[in-house]
Amino acid sequence: MPPAPAAGPLNSNKEPIRQMRLSRFPLSTTKETPADAEIVSHQLMLRAGMIRKLAAGLYTWMPLGLRVLRRVEDIVREEMNRSGAVELLMPAVQPGELWRETGRWDKFGPLLLRFSDRHDREFCYGPTHEEVITDLVRREIRSYKQLPLNLYQIQTKFRDETRPRFGVMRAREFLMKDAYSFHVHEGSLAETYQVMYDTYSRIFERTGLNFRAVQADSGAIGGSISHEFHVLAESGEDAIVFSDGSDYAANVELAPTLPQDQERPAAAAAMTTVDTPGVHTMDDLVAALDVPLTRCVKTLLVQGSEAPVVGLLLRGDHSLNELKAEKHPAVAEPLTMASPEAIRRAAGCGPGSVGPVGLDVPLIADHAALPLADFVCGANTEGQHFTGVNWGRDLPEPAAADLREAEAGDPSPDGRGRLGVARGIEVGHIFQLGTRYSEDMDATVLDENGAAQHLHMGCYGIGVSRIVAAAIEQNHDANGMIWPEAIAPFTVAVVGINMNKSERVAATAEQIYQELLAQGVDAVLDDRDARPGVKFADMELIGIPHRIAVGDRGLEQGMVEYRGRRDTDNQDVAVDHVVAHILTKLGQ
RNA sequence: CGGGGUGUAGCUCAGUCUGGUAGAGCACUGCCUUCGGGAGGCAGGGGUCGUAGGUUCAAAUCCUGCCACCCCGACCA
């Protein structure tokens, strides 16, 4: 057994002094950007030495990076505790038989990392913990008097992503806070859900990030009501829409589009076949015929729930929303594009020439395609299209549905204002699960009447490690990261200029550093024997919010230099006042 | 999963086409100079060229298999 760790140096209160001298801290920064990194947060985290890759989607958190991760984690933990949730820690490895109870052993697919133990029993590394927590609660909780209960953990998850990328943004192994609440009645679930919504809002406010809560699809986890929390950043993988006339905000995949109240013009042209050799895309078509995209109709063939294929019709400039299509009763779930062979059987041509005229498959048109008159579409013959096509005259009126992706400028679904679009990084997601898991796993409690009731459940996730990357995506400049104070690895850097040559500089820097520590400020002393340019560049790269430079030049006048990470100039501050200056900046 | 690309020093890369004893910059070690925005000089250390096989007098270089990593795609017909 290893010996107990030696106690650090002690001050008069017998508290360990948190000594953070860069001369003894394994900071390894680079000027060059690693070739593998695509996005700025990944590049900067590697350049700053916050993380190191072990394998695809697996990262070591280096001491510097871990400091940030822990600060995010601390905020999450404090606010979860404040909300009344209770922390526990479940195993990362889970028995397969639990996952068979909910059917997810088969449904989850290759995302689930599976393996067997020496007895050939099946296990997986947990990508999420609904099964484990439900199993726990069905054993532990007997009575409605023990409810509601909200249990959470902060734990490493593993999801075997098809394509891990962007560093810790989409890693396979990642740190997640997941909470699960249990209730006898739906009303109690709704109350806790609201508490979690408020708690999440407080958590993201405290991190200092610009975020937005949006209505969301509940996806594979299941359930009904759901919100996502997004950190706004240009590089975000999700599009979110929000109204300028109300508080409506939603993930674009969920946002309905309203039928347009515009009348369909009368047909003015005769349907004509035109030769369009080599045209297979909407862009080709627009170029070949010189018609606007908005006068074209595109036809997507997908597998149907009853018919072999179903045709989805969209205005040329619109995008199909997969979730909406998948939820249409005539469309097979999951949404699957028809194979080239199936297209040929149904339309008699290859993909790229399909059109709705004379097509003998069920047709569903997006609302926005219906007001078109004299439109252009494929002729189901290679190298030909129709122009001057009109609904009702040249083909039957198709069924109408909401199929397209909402766009900037669309009217808000709540009827108030117009939609704008922003990019977001999903960092939190809350769900009302209902009784899906408790029914599959038969988790019940006795209610006030002594009757067994299936538990109502909610679940609430936060991507702790992803928040670190998201914060960088949102806050950086050409010189590096710019941490919000709440999650910075250090709050203040005291940089000694030539401090190994000048005793005066060394003594003053040390004194300021110790005073900051005494005031409870998370300071770091850059006492490395490096040139000033190197030190400044490093402190900017790793994004320390406040910097104090101590050098002989300033000390001649009894001054040191202060500079905020977003400032463009230094500010001279008297040595005696610099700690107070920092405390003011920190709002203390 | 499909397609493409790359594996050479800790990092970024050249060298591969046209086979002939392994290179640069950064980083690292020592000495000297410099010393407030990623210094300069000199001297060094460090590479089974991803891996296994094949061709050849000779392979980082040509051929084959495997592995790893990266990118693109997996609605927009």
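Order of the sequence lines fixes the chain letters, A, B, ..., with proteins taken first and strands second; residue numbering starts at 1 for each chain.
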Who is the Watson-Crick or G-U wobble partner of B:C69, with both distances under 3.5 Å? B:G5
Between B:C75 (C1') and A:M282 (CE): distance, integer Å: 12 Å
Starting at the 5' end of RNA chain B, which residue's closest nucleotide do you reach first, A:E405 or A:D538? A:D538
Picking from B:A77, B:C35, B:C69, the nucleotide nearest the side-chain atoms of A:D36 would be B:C69
Any A:S319 side-chain nitrogen or oxygen under 4.0 Å from OP1 or OP2 of B:C76: no
With a 3.5 Å cut-off and heavy atoms only, can you find an N or O donor on one side and an acceptor on the other between the side chain of A:K53 and the base of B:C69? no
If you look at every strand shown and take non-hydrogen atoms under 4.0 Å, does A:T162 touch a base, only sugar-phosphate, or nothing? base
Compare side-chain N and O positions of A:R531 against OP1 and OP2 of B:C35 and report whether any pair is under 4.0 Å apart. no
So for atom CD, which belongs to A:E556, do other residues, nucleotides or ligands contribute more than 12 heavy atoms lying within a distance under 6.0 Å? yes
Check whether the ring centres of A:W391 and A:F375 lie less than 6.0 Å apart, and answer yes or no. yes
Does B:C42 have a Watson-Crick or wobble mate here (both distances under 3.5 Å), and if so which one? B:G30
P spacing across the pair B:A52 / B:A68, given as an integer number of angstrom: 16 Å
Is it true that the side chains of A:S41 and A:E473 contain a donor and an acceptor less than 3.5 Å apart? yes
So, does the side chain of A:R547 form a donor-acceptor pair with the base of B:G37 at under 3.5 Å? yes
In whole angstroms, how far is the C1' atom of B:U34 from the CG atom of A:D529? 13 Å
Need one value for A:R47: base, sugar-phosphate or nothing, where a base atom within 4.0 Å counts as base even if backbone is also close, heavy atoms only. base
Polar side chain donor-acceptor pair, A:T257 to A:D402, under 3.5 angstrom: yes
Distance, C1' atom - from B:C11 to B:C69, rounded to whole angstrom: 16 Å
So if I take every side-chain heavy atom of A:E32 and compare against B:C35, B:C71, B:G25, which nucleotide ends up nearest? B:G25
Under 4.0 Å, heavy atoms only, any strand: does A:L335 hit a base, just the sugar-phosphate, or nothing? nothing
Which part of the nucleic acid, if any, lies within reach of A:L314 when heavy atoms closer than 4.0 Å are counted: base, sugar-phosphate only, or nothing? nothing
May I have the step-by-step check of side-chain contact (heavy atoms from CB on, under 4.5 Å) for A:F242 and A:V421, ending in yes or no? CA-CA 7 Å; A:F242 49 88; A:V421 177; over 6 Å; no
Using atom CG of A:D317 as one end and atom C1' of B:A77 as the other, report the distance to the nearest whole Å. 16 Å
Identity of whatever pairs with B:A52 - Watson-Crick or G-U, under 3.5 angstrom: B:U64
C1'-based separation of B:G40 from B:G47 [nearest Å]: 28 Å
Considering only atom P, compute the distance from B:U21 to B:C49 and round it to an integer number of Å. 15 Å
Nucleotide of B:C69, B:C35, B:G37 approaching A:F536 most closely (side-chain heavy atoms): B:G37
Please determine, for B:C11, whether a Watson-Crick or G-U wobble partner exists with both distances under 3.5 Å, and give it or none. B:G25
Mind checking the C1' distance from B:G50 to B:U8? Whole angstroms is fine. 10 Å
Selected nucleotide, minimal atom distance to A:V534 side chain, candidates B:C69, B:G38, B:C71: B:G38
Give a yes/no verdict on a cation-pi contact between A:R547 and A:F536, requiring under 6.0 Å between NZ or CZ and the six-membered ring centre and an angle within 45° of the axis. yes
Out of B:U12, B:G37, B:G38, minimum distance to the side chain of A:L541 belongs to B:G38
Counting any heavy atom closer than 4.0 Å, what does A:R563 reach on the DNA or RNA strands: base, sugar-phosphate only, or nothing? base
Is A:D522 paired with A:R67 through a side-chain N to carboxylate O contact shorter than 4.0 Å? yes
In whole angstrom, give the distance that lies between atom CG of A:L22 and atom P of B:G38. 19 Å
Taking any heavy-atom pair under 4.0 Å as a contact, classify A:E540: base, sugar-phosphate, or nothing. base
Hey, which sits more toward the 5' end of RNA chain B by its nearest nucleotide, A:G316 or A:G554? A:G554
Atom-to-atom span, CD of A:E161 to P of B:G73 - whole angstrom: 16 Å
Taking only the P atom of each, what is the distance from B:G10 to B:G46 in whole angstrom? 12 Å
Rounded to whole angstrom, note down the P distance from B:C62 over to B:G20. 11 Å
A:K324 side-chain N/O to B:C75 phosphate OP1/OP2 under 4.0 Å: no
A:Q43 atom CD is separated from B:C71 atom C1', nearest whole Å, by 14 Å
For the pair made of CZ in A:R404 and C1' in B:C76, what is the distance, rounded to whole Å? 14 Å
When rounded to whole Å, the CD to P distance for the pair A:E237 and B:G73 reads 11 Å
Taking a pair as Watson-Crick or G-U wobble with both distances under 3.5 Å, which nucleotide is matched to B:U18? none
Pick the C1' atom in B:A58 and in B:C13, then give their distance to the nearest Å. 27 Å
Pair of N/O donor and acceptor under 3.5 Å linking B:C76 base with A:K298 side chain: yes
Please test A:L54 against A:Y59 for side-chain contact (heavy atoms from CB on, under 4.5 Å), starting from the C-alpha separation and ending with a verdict. CA-CA 5 Å; A:L54 178 64; A:Y59 292 88; over 6 Å; no
